[in-house]
Peer 1: 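Structure below; questions to follow.
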Amino acid sequence: DQQVKQNSPSLSVQEGRISILNCDYTNSMFDYFLWYKKYPAEGPTFLISISSIKDKNEDGRFTVFLNKSAKHLSLHIVPSQPGDSAVYFCAARGSGGYQKVTFGTGTKLQVIP
Amino acid sequence: EPEVTQTPSHQVTQMGQEVILRCVPISNHLYFYWYRQILGQKVEFLVSFYNNEISEKSEIFDDQFSVERPDGSNFTLKIRSTKLEDSAMYFCASSERVGVTEAFFGQGTRLTVV
């Protein structure tokens, strides 16, 4: 069951450049999408979200884009900072059971100083 | 800053034994969750809890699992008879109100079944 897929297990970016993390989903019933960041030995931390009725949401250096027709979303971080180095999880919530969140497998981002 | 706290941070148990993982959610939150992450795999939803009852559970959450909010502050996950494949990081989370999906996670309990 891979309803939420992050096909890149890792990504390296130079400090100051843009980081783009991608996520694909298969379930058209998802109506809300989230990105979580996770450091080693810590729980996931909520980063940013987007409703399925929108195509973009921005919060400071973080922007999430949603392409519903392609069932694709992406997280842009600009400029990238060394402290952004972490595992980033894409997650989605179904419109039926609205408390269950389905996570992707994660992308490990390394920002190189 | 309020946070979700989990104890213990690491639990080692023998196969077949019962374990209880404990969590203190953020005090004004109404929804509580357990997730788990097997090493190298994705974070998986186990159960959500609201108004003193399970509101949703996954296929992973079988009869070996139970949750309880015994005293209005703690939220526990019990595994009755642990199996080797229960070894994972277990995360407790809470969210403020109905419809709020942005849950706050604890640091996790690493459960090792030997």
Peer 1: For A:Phe89 and B:Gln37, what are the C-alpha separation, side-chain angles and deciding distance, and is it a side chain to side chain contact (heavy atoms under 4.5 Å, CB included)?
Peer 2: CA-CA 12 Å; A:Phe89 290 98; B:Gln37 185 181 26; 3.6 Å; yes
Peer 1: Heavy-atom count around B:Glu85 CD within 6.0 Å, excluding the residue itself: above 12?
Peer 2: yes
Peer 1: Starting from A:Leu11, can I reach A:Trp35 by hopping between I/L/V/M/F/W/Y residues whose side chains sit under 4.5 Å apart?
Peer 2: yes
Peer 1: CZ of A:Arg61: more than 12 outside heavy atoms within 6.0 angstrom?
Peer 2: yes
Peer 1: Sort out for me which of A:Pro44, A:Gly106, A:Ala41, A:Ser49 touches chain B most, counting heavy-atom pairs under 4.5 Å.
Peer 2: A:Pro44
Peer 1: Who are the ring pair (Phe, Tyr, Trp, His ring centres under 6.0 Å) partners of B:Phe91, not counting sequence neighbours?
Peer 2: none
Peer 1: Hey, is CG on B:Asp71 packed in by over 12 heavy atoms from elsewhere, all under 6.0 Å?
Peer 2: yes
Peer 1: Between B:Glu44 and chain A, with a heavy-atom cut-off of 4.5 Å, which part of the residue counts as in contact: side chain, backbone, both or neither?
Peer 2: neither
Peer 1: Just so I know, are the side chains of A:Tyr36 and B:Phe105 near enough to count as touching, which here means a heavy-atom distance under 4.5 Å?
Peer 2: yes
Peer 1: Taking the side chain as everything from C-beta on, heavy atoms only, tell me whether B:Tyr33 gets closer than 4.5 Å to A:Val101.
Peer 2: no
Peer 1: Hey, what do you get for NZ (B:Lys42) to NZ (A:Lys5), rounding to the nearest 0.5 Å?
Peer 2: 10.5 Å
